[in-house]
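Below is one structure; the comments refer to it alone.
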Amino acid sequence: MVKPIATLRSATGVPTGRLAVWWVIASEIVIFGGLLGAYLLHRLGHPEWATYASHTNTWAGAFNTLVLLSSSLSAVLAHNAAEKGNGARAANLLLVTCVGALTFLVVKGFEWTHEIQEGFTITANGFWSFYYCAAGLHGLHVIAGAIIMLFVAADARKNQELQRVELIGIYWHFVDLVWIFLFPLLYIAK
Amino acid sequence: MLEHYMIQGSSYASHIDGLVWVVLLITTFWFLLAEGMFFYLLWRYREQPGKKALYINDDLEHAIKYKWVEIPHRLILICDVAVILGAVSVWSEVKLSMPVTDETVRITAQQWAWTFRHAGADGELDTADDIVTVDDLHVQLGKTYKFELAAKDVLHSFSVPVFRLKQDAIPGRVISGWFKPTQAGEFDVQCAEICGIGHGIMPARLYVETPEAHAEWIAHPTHYLAYKNK
Amino acid sequence: MSSHTESHGAHSPNEAPHATHEDAHYIKIWAILVALLVVSVTGPMLEIRVVTLLTAFGIAVVKAFLVAKHFMHLDTEKKFVVQLLVVCLGLVFLFFMATSPDIMKHFGMNWVNESAKNANIPEKIVHHGGVEGAAEHAEGAAEHAEGAAAPAEGAPAHPAGEAH
Amino acid sequence: MAESHAHDAHAHDHHEEGWFKKYFWSTDHKMIAKQYLLTGMLLGAVGAYFAYVFRMQLAFPNKPVPGYGLVTGADYNALITNHGAVMIFWVAMPVLIAAFGNFLIPLMIGCDDMVFPRLNRLSYQIFLVSAIVLGASFLVEGGAFGGAWTAYPPLSAKAEYNLTPLGPSLWLIAVALEFVAFLLGGINFVTTAMNSRAPGMKAFDIPMAVWMIVIASILFMASVGPLIAGAFMLLFDQLLGTGFFDPDRGGDPVLWQHLFWFFGHPEVYVVLLPALGFVAEIITTFSRKKLFAYKTVLYTTIGTGVLSFFVWAHHQFIAGIDPRMANVFTVTTVLISIPIAEMCFVYIATLYGGSIRFAVPMLWALAFIAEFLVGGVTGIYLGASGADIYFHDTYFVVAHFHYTFFPIAIIGTFSGVTYWYPKMFGRHMNELWNKVHFWITIVGFNGIFIPLFMLGASGDHRRIFDYSNFPELATPELQQLRVFATVSLLVMLAIQPVFLINFFYSMFKGKKAEANPWNANTLEWQCPSPPPHGNFAVLPEVYRGPYEFSAPDRADDFWPQNSPT
């Protein structure tokens, strides 16, 4: 598939791929904003949710925050390597990021298994419904990001489409950003 | 305008109709002006042989814009203010205020019936002589009623067209409002929010009765679900 | 036309220059982020509400700012991108503010959300809440007592509307 | 130059194509536009069929409808629900934004394709899947969803209330997929228009149609988020038994109303703006006039878009929101009349001093202005909160929004199709039959909805399948109005095959069209009809605005954007 000339133009000064990623993030902000806004509306109206929230595992959440922050670091280092034309290094760093994503999901899996065994299922009460909904939607983004990243890394290893390293990086930082807010909302505020 | 279609049965019905009149006059003026101008221009500037269209340069555009855009802009703003003032005042009367009421009636909507709890002879709700009816609401002419609206299952809407009253009922919430009947007679209560396959078979009847007839009904209620005679 | 002409080297001249930092810079930012994370986890251990909120959400904002600025390179991105993202955040805020009178509050002018209020009653709470919740619970209990006295047909009387 | 060289390579690449690859797997923006257009027309026929069935039930209650059978309450609810959903999500959006956006944006801004052709193809395929999922919801146990297109819970959340265990979930999944398709499409449109304009095309040289589609896409992307989140929540309520909107379990049904209408109101402008853009193109071309006050049109469009985020709760005035909030929203709602009215005045002013030729596209565009004015002014009755107490959920509302949506989705589409048909297919449609079709459609449309205003003023409520239970509504006078509306609908539907035959016949047998049959200025007319793969032999450069008609000191009364002199 040959790219049309349209893709190569840049009247705004922002390359087309990056511009599109910003629009994706803009619409994602409203999606997560709607969900977290709805959660906050209920949370502030229901002081008893603090009690429900006390059963979340802060340490697991904190560890996952650390994992995502570190994977963001490797993503931005990959971008830096791609800017310098070093595709192999960028690919390796992207793989490190993917390992971070995998770690995040594994921790999440253990956490959820434990919580569900304790009886805190998605139907337990409003807090847990939002907990699974918000963290689940975020988890889907982690999975999607990791899969795309594998493709980008495969291309980057061949020194192709290096600009995409930056694009998937920006998306990954956004996923990290969402988690930065999910962590206090779901884990710390008790 | 509405009074030609539906009789005014409550104290605030005429105010709502008055607001509709205000809106009708304003919108009709603008509508006729715009459509009149539109069709006039279509006729006046139809294609004619040998006649070239006008080219509007920036200076000319600026001058015309004042006449075509700036002045209507301000006039519409004035009209909007009039509409807003009317709308807010009527809305405040019907939905925001709660006048001193004589009696309370509790309305519970469910799929697909209305339950009305009347205060009964003592005029107090939640006493032994309450009259509970299904799909029949009896009120006395000229008395001010407070209603407490609730729903058991899904959204419903308590709509009494002659009163110009409409309020959605939401499960889990109790929403209050008021009305003061001014016309005796038998009227429709309708459900105005889709509530399932029986939405079209969820009517109730409203009986606005003179004080004598109302007292008679309280003494000998008909179609009641629960009623304890002392 | 081969597609890798479009890679980083092919930016057209009118593009924003993308500042490329050394890796050390990014590691420094990461270290700050991790330090902030430690603060945000240890802060709530003091069990002071103000400190919890500040460390949890204040630091989240700081972290978000650092990630957006240094990792997403919004500092060197075109202005309109930042404006776009801020506008979207503003829309979320608008939604929240205009919806809060109905959802966050459980009573208002001529209406009361009975079921949400009843959800606040302490019986339904398995474990005791924090100190700050106690006053709310007491209030909830009072509402509940009132609600319990109401008749059974599903529409408890509650005159909250007149209070306004 | 590198660009034209790359273009040659591009064109060579597409010589040998199979049927499947050409018509179904194509990444060419024009083919995807046609796919969207035809799918939209097909679903439009489905939506019209729904309207036919339930209007027959209303006019002749409880008699078997020819071509359907007896309409039960459940059938009726499913029909009205899906009529609304199909017409908005699967007709107005794909035709106005996706079909014309795909076709027009690359041509009008002078480039060879959308910036992400494969994303574009994916967008159509997801859209097609969403339509199939919607169709499947009619075949599952319990039947299709019947809780109105607003899908208010708890009715939509629990099978015990709506008695359709699977329909609502499929419906919701279909809507969510459709949103994903249009998010992908919208990102493509916006990015293309922002980045890939022809050299020399500055912000105020962009044709209004492109501006409007882009602003509409932005509105869509910025408003749909909360509803996507809400769709997840409602789907979990339906399938997993959570209680997001269940008051007995700590949820709140009013939250859904806010999530829905926060999207739902901007959505009106999402479909309105493209139609306004087509009208701007057409009235300038056929009155040989410059668009009057280009910048005013643009600013009022942006103003309308911004304001549209501040008005959503006017759909909920009496739906249980705090009544004090209604005062806020009535102010913002009534104020939106200012930019919309200004836009109408500007369009009318464009006709001043023109040389107006009443070709078929022009007739449709003029009808849009004349009819949309009715929809505009009747909106004031509903935006004024006090009057809305009476009008809410009556046929007055139905008539009002059909006087906006019909001009948008049907008249706007016909104006666009008749105007760009020569460009799309390289041939002309039959003008005489198009005119016959135009007049009967317009008369039929007014015949349907003027009676509905009167019904609404008489307190006639929507979504009721049988009025015999409501003595005030079951009167012979009102029934006559219903019959009149239904007969008008039958007349209007009866003439549509004429258009369809004309449409498909002319595709093969119509008069051949030259590149610029209407003598228009915008770039899409400066390439061959129909445009080849890659659109332009040499990608154009732009020297002036799109509406330089009848410029003095020129022999021609038009001046193409890419003409150097």
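A note on names: the letters A, B, ... follow the listed sequences, proteins ahead of strands, and every chain is numbered from 1.
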Best-contacting candidate, [options], against chain C by heavy atom pairs under 4.5 angstrom:
options: A:G169, A:G33, A:S70, A:A189; result: A:S70
options: A:L44, A:L69, A:L185; result: A:L69
options: A:D155, A:V165, A:L77, A:L19; result: A:L77

Test item: [X] and [Y] side chains (from C-beta on) under 4.5 Å apart, heavy atoms:
X: A:I25; Y: A:W22; value: yes
X: A:R89; Y: A:K84; value: no
X: A:Y171; Y: A:M149; value: no

For chain C, which residues of residues 59-67 of chain A have at least one non-hydrogen atom nearer than 4.5 Å to it?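 Expected list: A:W59, A:A62, A:T65, A:L66.
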Check ring pair (Phe, Tyr, Trp, His ring centres under 6.0 Å) between A:H138 and all other residues, then give those that pass, not counting sequence neighbours.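 By the ring pair (Phe, Tyr, Trp, His ring centres under 6.0 Å) rule, A:H138 matches A:F104, A:W179.
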Side-chain donor-acceptor distances from residues 84-100 of chain C under 3.5 Å, at least two apart:
residue: C:T99; atom: OG1; partner: C:F95; partner atom: O; Å: 2.5
residue: C:S100; atom: OG; partner: C:F96; partner atom: O; Å: 3.4
residue: C:S100; atom: OG; partner: C:M97; partner atom: O; Å: 2.8

Interchain contact, [X] with chain C, by part (heavy-atom threshold 4.5 Å):
X: A:L36; value: neither
X: A:F183; value: side chain
X: A:L177; value: side chain

Is the C:Y26-C:H70 ring centre distance short of 6.0 angstrom?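 Judged by ring-centre distance (under 6.0 Å), C:Y26 and C:H70 do not meet the cut-off.
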Give a yes or no on whether the ring-centroid distance for C:F71 and A:W172 is below 6.0 angstrom.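 Distance test on ring centres: not under 6.0 Å, no.
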Would you call the rings of A:H42 and A:F130 parallel, tilted or perpendicular if under 30° counts as parallel and over 60° as perpendicular?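 Tilted, since the angle between the ring planes falls between 30° and 60°.
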Non-hydrogen atoms of chain A under 4.5 Å away: do they reach the side chain of [X], the backbone, both or neither?
X: C:V38; answer: neither
X: C:K63; answer: both
X: C:L74; answer: side chain

Test ring pair (Phe, Tyr, Trp, His ring centres under 6.0 Å) on A:H46 and A:F127 and set out the steps. CA-CA 9 Å; A:H46 289 274; A:F127 172 78; over 10 Å; no
For residues 107-122 of chain A, pull every pair meeting salt bridge (charged side-chain N to carboxylate O under 4.0 Å, His left out), keeping only residues two or more places apart or in separate chains.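 Sorted result for residues 107-122 of chain A: A:K108-A:E111.
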